[in-house]
Each structure stands twice: as C-alpha cells, then as structure tokens.
K.L.:
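If you scroll down you'll find the structure; I have some questions about it.
The analysis underlying the following values was restricted to heavy atoms, covering all of them including side chains, and did not include hydrogens, waters or symmetry mates.
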Amino acid sequence: MSLQAPEFFAELCLPFHDSTVVGTTYYAVPVPDSPLRLRISFTGTKHADTYGGLRLAVVHADKGEIDSVALSFLDHGTFHRRDEATRTSPNTKQHGTFDKSHRPGRPPWDGAVTTGLRDAIQHYSAVWFPGAWAATAPSRAAGPTTHKAPLPTSPSSGRAR
C-alpha cells in the first residue's frame, strides 16, 4: 500500500514554493540562492512499515547534512484524537503512529492533526532560515476554502461628481 507522502506533506501546508516530494521525502529551498536545504522524511519505528514521526534535516549543498531533529507524532499530538476515539492503548504499536495499511479511499495517516508538527517545523526552520516563513507563509486564520470578497460598492459613494 502507498504511504501517500505528497498528500501528507501537502496537509502540513508548508509555505516553501521551491519544494518537491521525492518518494517519501520532502525537499525545500526555503531561502532562494542559499546553499541550505530543508529535508523532511518519515521516521520508522521498530515495527516494519510503521512511522512514528518526522526527521528534519538542514543540508548544505556542498557540505552535506549539518543539523537534524526528530519530531515524534506522539510528542506533537498528531494522533491524540484518533487514538482516544479508537481507544488505542499506549502499549500498542498503533499508538501515536501510522502504518501503510489503511481503509480504501482514506490515507494511511487518517485522523492526523498536523498543527503541532507544523508549528515545530516552523520553529526549527526559523533558526536556519530566518524570515522564510514570514515571506511565504499563507495566513493561518483563513481556511483553504475561504476567500476575501471585495467590499460591495454602493450606488451613492458620497462623492461629488
């Protein structure tokens, strides 16, 4: 079964325009003309095809990886609601993780709340890519289906002609 990594990274709403997903890894150039890149991949668990978080790495174009951090789904509440709703015990491999199996028509990470992960990615990347989020970040207040409509104009604007 497919991991559906491009859809997972799209769910994070990362603001970097110069980015791509190759296989199960997200790559971005948060600051144009910088030698630094951001790489985000899934972290495995001791169980085959089961993922427990994300690994962020800053990669220099010439020097290779210069820093990394692991963000667990458990620490960032990614599957808290799902696990409570399904009464998943903390002592099971499903608690705070996801695997490649899933219901037809649903992603394997169904039930994920990515706000905590997104915030952690923002905090981490702000250290290495200052201003990158502010320069490209979409408004978090507006949902993906909302838009600002122009104010209606009245026939009489109060101006003299």
K.L.:
Step by step, would you call Tyr124 with Ile40 a side-chain contact (heavy atoms from CB on, under 4.5 Å)?
P.N.:
CA-CA 12 Å; Tyr124 178 78; Ile40 305 175; over 6 Å; no
K.L.:
Would you check, one step at a time, whether the test side-chain contact (heavy atoms from CB on, under 4.5 Å) holds for Leu36 with Val31?
P.N.:
CA-CA 8 Å; Leu36 298 180; Val31 178; over 6 Å; no
K.L.:
If I take atom CG from residue Leu14 and atom CG from residue Leu117, how far apart are they, to the nearest 0.5 angstrom?
P.N.:
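It comes to 10.0 Å.
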K.L.:
Which pairs of donor and acceptor atoms, one on a side chain in residues 19-30, lie under 3.5 Å apart (sequence neighbours left out)?
P.N.:
from  : atom 1 : to    : atom 2 : distance (Å)
Ser19 : OG     : Phe16 : O      : 2.9
Ser19 : OG     : Tyr26 : OH     : 3.4

K.L.:
Determine whether Val58 and Phe129 make a side-chain contact, defined as any pair of heavy atoms from C-beta on separated by less than 4.5 Å.
P.N.:
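Contact flag for Val58/Phe129 side chains = yes.
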K.L.:
Check the hydrophobic clustering (I, L, V, M, F, W, Y; side-chain heavy atoms under 4.5 Å; chains of links allowed) and say if Phe9 and Val69 are grouped together.
P.N.:
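As far as the 4.5 Å side-chain criterion goes, Val69 and Phe9 are connected within one cluster.
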K.L.:
Do Phe42 and Leu54 have side chains that approach each other closer than 4.5 Å (heavy atoms only, starting at C-beta)?
P.N.:
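Side-chain contact under 4.5 Å: yes.
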K.L.:
Taking all heavy atoms of Ala112 and all of Phe79, pick out the closest pair and write down the distance.
P.N.:
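Looking at all heavy atoms of both residues, the shortest contact is CB-CE2, 3.5 Å.
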K.L.:
Between Thr50 (side chain) and Ala48 (backbone), is there a donor-acceptor pair under 3.5 Å?
P.N.:
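The answer is yes, because a donor-acceptor pair under 3.5 Å joins these two groups.
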K.L.:
State yes or no: do Trp128 and Leu12 share one hydrophobic cluster built from I, L, V, M, F, W and Y residues joined by side-chain heavy-atom distances below 4.5 Å, directly or via other members?
P.N.:
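Shared cluster, yes.
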K.L.:
Return the OG1 to CD distance between Thr115 and Glu11, rounded to the nearest 0.5 Å.
P.N.:
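Rounded to the nearest 0.5 Å, the OG1-CD separation comes to 9.0 Å.
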K.L.:
Could you tell me which residues satisfy side chain to side chain contact (heavy atoms under 4.5 Å, CB included) with Arg55, sequence neighbours excluded, listed by chain and number?
P.N.:
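Side chain to side chain contact (heavy atoms under 4.5 Å, CB included) check on Arg55 returns Arg39, Ser41, Thr43, Ala57, Glu65, Ser68.
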K.L.:
Is it true that a side-chain atom of Ser72 and a backbone atom of Asp75 form a donor plus acceptor pair closer than 3.5 Å?
P.N.:
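Between the backbone of Asp75 and the side chain of Ser72 there is a qualifying donor-acceptor contact (under 3.5 Å).
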K.L.:
Evaluate the side-chain proximity of Ser125 to Trp133: yes if any heavy-atom separation is below 4.5 Å, no if none is.
P.N.:
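With C-beta onward as the side chain, the pair touches.
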K.L.:
Measure across Trp109 and Gln4 and return the closest heavy-atom pair with its distance rounded to 0.1 Å.
P.N.:
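The pair with the smallest heavy-atom distance is NE1-O, 3.6 Å.
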K.L.:
If you take all heavy atoms of Gly116 and His76, which pair is closest and at what distance?
P.N.:
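So the minimum-distance heavy-atom pair works out to O-CD2, 3.6 Å.
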